[in-house]
Amino acid sequence: MRFEPALHQATMVRRYKRFLVDVRLPDGTRDTIHCANTGAMSACVFPGFPVYFSVSDNPNRKLRGSLEIVQTPEDHLICVNTNRANRIVKEALATHTIDGLRNGEFQSEVKIPDEAGRFDFGNEDVFIEVKNVTYLREKVGVFPDARSARATKHVNALHRCVKRGERAVLLFCVAHTGINQVAIADDIDPVYDAAVRDAVAAGVEVLAYRCEITPKTLVLDRSVPFLGSSSTVD
């Protein structure tokens, strides 16, 4: 995925009220931009460090800028716009980049069989739910960064699909260039951790793929190990 039009660079000042970020522009002026991330954004806010944002041409938007990428003190890049994850995965599915998911055409927002709700992708052979990973903690990328009843609901739905004889995949989209392995943050959300462990035991597959991130492009480019619960990681 290419950022078009090109992103603008600024310096992070602060994030507040969840959806607002103050930045300092290159000319020294201060601006407020939108943050399309409902999570805690743990270890993703670095005042004084570079950020990159897109600008909408929609005249009806109150805040025309949207935060896309933040830079860490270690020079890693993180895509914090969670709306990008499904677009990146959609492109990877279309180009057959993901091992084990190279066959057939995939539809977006596929209805969960026999119950309310939708999975992110699917076809006649498999259902896929995507989760975005941005929290790097002690050399491991962990998910979630806050308790998430919605994430647990999706894992339980994948579990029920497998019990009905269907194939189901939980796909972690790693949007942080410093993350090389992924685990479930069982200390943050033990309910989600238990749901994932039960789902995996029943046959739900877990894949983790990392993005190559630059201020110009986002590409899902390589798999990274899934380690299970973070408390079991040495």
Side-chain angles (χ1 to χ4, degrees), residues 18-19 36-42 79-135 141-175 182-209 211 220 223-224 226-232:
R18 184 176 293 185
F19 299 109
N37 190 317
T38 61
M41 280 180 61
S42 301
C79 179
V80 295
N81 184 346
T82 55
N83 294 331
R84 299 293 185 184
N86 278 20
R87 180 173 173 183
I88 301 165
V89 171
K90 183 176 181 179
E91 290 186 358
L93 291 170
T95 56
H96 309 295
T97 300
I98 304 172
D99 289 338
L101 297 174
R102 297 181 183 273
N103 296 324
E105 300 295 323
F106 292 88
Q107 302 298 317
S108 302
E109 294 294 316
V110 175
K111 188 180 183 307
I112 299 173
D114 303 324
E115 56 186 276
R118 295 181 179 276
F119 291 128
D120 290 312
F121 299 99
N123 59 24
E124 63 276 8
D125 297 319
V126 61
F127 296 104
I128 306 166
E129 182 62 24
V130 177
K131 296 303 176 190
N132 197 51
V133 182
T134 58
Y135 186 11
V142 296
F143 181 90
D145 64 359
R147 292 195 177 193
S148 176
R150 183 173 182 271
T152 300
K153 176 184 175 181
H154 282 138
V155 168
N156 288 336
L158 292 172
H159 188 167
R160 287 189 290 272
C161 285
V162 168
K163 289 176 69 175
R164 290 192 295 266
E166 296 161 317
R167 186 184 176 203
V169 173
L170 175 60
L171 174 59
F172 290 110
C173 176
V174 181
V182 173
I184 303 300
D186 51 336
D187 58 319
I188 294 175
D189 195 339
V191 175
Y192 180 72
D193 175 66
V196 172
R197 285 190 282 108
D198 288 346
V200 170
V204 172
E205 301 165 49
V206 180
L207 301 175
Y209 266 73
C211 298
L220 204 69
S223 64
V224 296
F226 173 67
L227 307 178
S229 302
S230 61
S231 62
T232 64

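Since the structure is predicted, the reported quantities are computational estimates derived from the model, not experimental observations.
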Restricting to non-hydrogen atoms, name the atom on [X] and the atom on [Y] that form the minimum distance, rounded to 0.1 Å.
X: Val133; Y: Val142; answer: CG1-O, 3.8 Å
X: Lys131; Y: Glu129; answer: NZ-OE2, 3.2 Å
X: His154; Y: Arg118; answer: NE2-O, 3.6 Å
X: Ala157; Y: Ile112; answer: CB-CD1, 4.0 Å
X: Val169; Y: Leu158; answer: O-CD1, 3.9 Å
X: Ala183; Y: Leu227; answer: CB-CB, 4.3 Å

Ile128 vs Leu93, side chain to side chain contact (heavy atoms under 4.5 Å, CB included): CA-CA, chis, key distance, verdict: CA-CA 11 Å; Ile128 306 166; Leu93 291 170; 4.2 Å; yes
Is it the case that atom [atom1] in [X] sees more than 12 heavy atoms from other parts of the structure closer than 6.0 Å?
X: Lys111; atom1: NZ; value: yes
X: Asp99; atom1: CG; value: yes
X: Glu166; atom1: CD; value: yes
X: Glu105; atom1: CD; value: no

Spell out, as yes or no, whether a donor-acceptor pair under 3.5 Å connects the side chain of [X] to the backbone of [Y].
X: Ser230; Y: Ile184; result: yes
X: Asn123; Y: Gly104; result: no
X: Thr134; Y: Cys79; result: no
X: Arg102; Y: His96; result: yes
X: Asp145; Y: Met41; result: yes

Close side-chain approach of [X] and [Y], heavy atoms under 4.5 Å:
X: Thr38; Y: Phe19; result: yes
X: Lys90; Y: Phe121; result: yes
X: Leu171; Y: Ile98; result: yes
X: Ser148; Y: Lys153; result: no
X: Val224; Y: Val174; result: yes

Just verifying a value: how many Å separate [X] [atom1] and [Y] [atom2], rounded to the nearest 0.5 Å?
X: Glu115; Y: Cys161; atom1: CD; atom2: SG; result: 6.5 Å
X: Phe106; Y: Glu124; atom1: CZ; atom2: CD; result: 8.5 Å
X: Leu170; Y: Phe226; atom1: CG; atom2: CZ; result: 7.0 Å

Flag for Ser231-Asp186: side-chain donor and acceptor within less than 3.5 Å: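 Per modelled atom types, Asp186 and Ser231 side chains form a pair under 3.5 Å.
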Aromatic plane relationship, Phe119 with Phe127 - under 30° parallel, 30 to 60° tilted, over 60° perpendicular: tilted
Worked check of side chain to side chain contact (heavy atoms under 4.5 Å, CB included) between Leu101 and Leu207: CA-CA 10 Å; Leu101 297 174; Leu207 301 175; 4.0 Å; yes
Stepwise side chain to side chain contact (heavy atoms under 4.5 Å, CB included) check, Cys211 with Ile88: CA-CA 8 Å; Cys211 298; Ile88 301 165; 4.0 Å; yes
Side chain to side chain contact (heavy atoms under 4.5 Å, CB included) between Asp114 and Arg160, worked out: CA-CA 10 Å; Asp114 303 324; Arg160 287 189 290 272; over 6 Å; no
